[in-house]
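Read through the structure below, which is laid out as structure tokens, and then see the notes.
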Amino acid sequence: MRLSGRDARRIAGSMLRFSPNPEWRAWTAALAELLDSSGAVIDQVVVTFFAAPRSYTAEDVVEIACHGSPVVLRHCLDRACSAGARLAEPGEFTLRAYLNGRLDLPQAEAVRDLIEATTLYQARVAAQQVEGSVSRRIAPLKEQLVELISLLEAGIDFAEDDISVAPAEEILRRLEPIQQGLEALVRSFSFGKLVHAGFALAIVGRPNVGKSSLFNRLLEQDRAIVTDIPGTTRDSVSETASVGGIPVRFVDTAGIRAGQDAVETLGIERTYQAIADADLTLMVVDASVAMGVEDLGIIDRARRHGRYLLVANKADLGQVVEDAVPVSALTGEGIDTLRSQILAAVSPEGGFAQEEGFITSLRHEQLLRESIAALGQAVAATRSAIPHEMLLLDLYGALRPIDAITGATTADDILNRIFATFCIGK
Ligand SMILES: Nc1nc2c(ncn2[C@@H]2O[C@H](COP(=O)(O)OP(=O)(O)OP(=O)(O)O)[C@@H](O)[C@H]2O)c(=O)[nH]1
Ligand SMILES: [Mg+2]
């Protein structure tokens, strides 16, 4: 149980007994007894006190580690509440950390991503963002923008003080790296999105080519029914697993052929839907048999709906199909190669971004795009020699969305910079 706020120690103290003395040494764990309202001991607990501002919320924080019995925890909460605490809202500790300036907004958002991570790789990316990797990339760009704004503001506000108005080339020269930096960040989202949300992969093909066997192999669990009877899978089955740290939703489907009965025909309809919904389709054929018109028809459909990979399964029986990834769901041969081909097929141009600080949030991407659009207008305005008052509107338009990511720039920030860099006022 975590208590945060000015009264954290008082409230915790009302239900604890330290042996021998009250012990509130900061950043040190202490053994204590948790008491019920009549003073009877109900648990032996470890108490850690984090003194403000060196705590998660930057307030005084007390953490009480009980033995995990729901009854004890419930009691612990009740006692804290009757001593003046209240239950935290969802995310409130992180909100307080943000409000108290301990975390910026991208860091706070990354805490949520970290908690929600389903693969270790997602967790690692989120942890980098909690460390401030996104802010570190945005901060210098914002800095340059604020500097340009200050320069133009100074030219307007203090025109009589002999500050030369910045020439158009100078403004354009300063705008360019800001635009480029923001665009690189937006590009990083094509990879970031993949890491954050993963993608859907449909496994399709004619009956009996081994789709369900391949599905089970990729998931490393015996999830779908496999038999040698064509038409075994009647309905789409989906399951999520990590491929290279990216969560992939695999969808096994009913084999496509002229339906034998009403149920199978409905199942095949679902296969078509799965192809339409997937980010990538694995088109499975039997490696040992030459492809027929049915196979070509399915390939054609997959191609029309986006990216697909041709996979020749049952390669252990010999391979006559070419230009396909040979695998054997039976022996496991070729599965690792298939996994890397899957990643290569969905990864954005230029392959995997290994750099730190790529953005994973749609909100950030949209804000950055807004900023880029406003900068584009600023460039056009500069080229057509529009007065700086008007140009500034575009630059503030570019700054606002960035502020929505990193926290606001106040008029003071800009004023301070004007006075710091121009020695006005003599
Ligand atoms: N030799 C060999 N046999 C395989 C391989 N993969 C699957 N099989 C066999 O092929 C038969 C069909 O496998 P399934 O995985 O059920 O095929 P499916 O494509 O899901 O079939 P439907 O659900 O009917 O569309 C089974 O007898 C499997 O044991 C493989 O790589 N090599
Ligand atoms: Mg099947």
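Numbers here simply count residues along the sequence, with the first being 1. As the structure lists them, so they are numbered: ligands from 1, and atoms in each ligand from 1.
Both the backbone and the side chain of L330 come within 4.0 Å of ligand 1, judged by heavy-atom distances. In L317, the part holding a heavy atom less than 4.0 Å from any atom of ligand 1 is the side chain. Contacts between D316 and ligand 1 below 4.0 angstrom, taking non-hydrogen atoms only, involve the side chain exclusively.
Each of the atoms 25 (O) of ligand 1 lies under 4.0 Å from some heavy atom of P207. Of all atoms in ligand 1, listed by their number and element, those nearer than 4.0 Å to a heavy atom of K211 are 15 (O), 17 (O), 18 (P), 19 (O), 20 (O), 21 (O), 22 (P), 25 (O).
Taking backbone and side-chain atoms together, T233 has an N/O/S atom less than 2.8 Å away from the Mg ion (ligand 2). Counting backbone and side-chain atoms alike, S212 contributes an N/O/S atom closer than 2.8 Å to the Mg ion (ligand 2).
For the residue pair D316 / T331, no side-chain donor-acceptor distance below 3.5 Å is found, with atom types taken as modelled. A side-chain N or O of T406 and one of K142 form a donor-acceptor pair less than 3.5 Å apart.
For atom 24 (O) of ligand 1, the candidate residues are G255, G210, G231, A254; the nearest heavy-atom contact is made by G231.
The closest protein non-hydrogen atom to atom 8 (N) of ligand 1 is K314 CE, 3.7 Å. In terms of protein heavy atoms, atom 7 (C) of ligand 1 is closest to S213 OG, 3.2 Å. Among all protein heavy atoms, the one lying closest to atom 26 (C) of ligand 1 is T227 O, 3.4 Å.
Seen from the ring of Y272, R301 counts as a face-on cation partner, given the 6.0 Å and 45° thresholds.
When only interatomic distances are considered, the shortest N/O to N/O separation between A329 and ligand 1 falls below 3.5 Å.
Within the 4.0 Å heavy-atom cutoff, T331 does not count among the residues contacting ligand 1.
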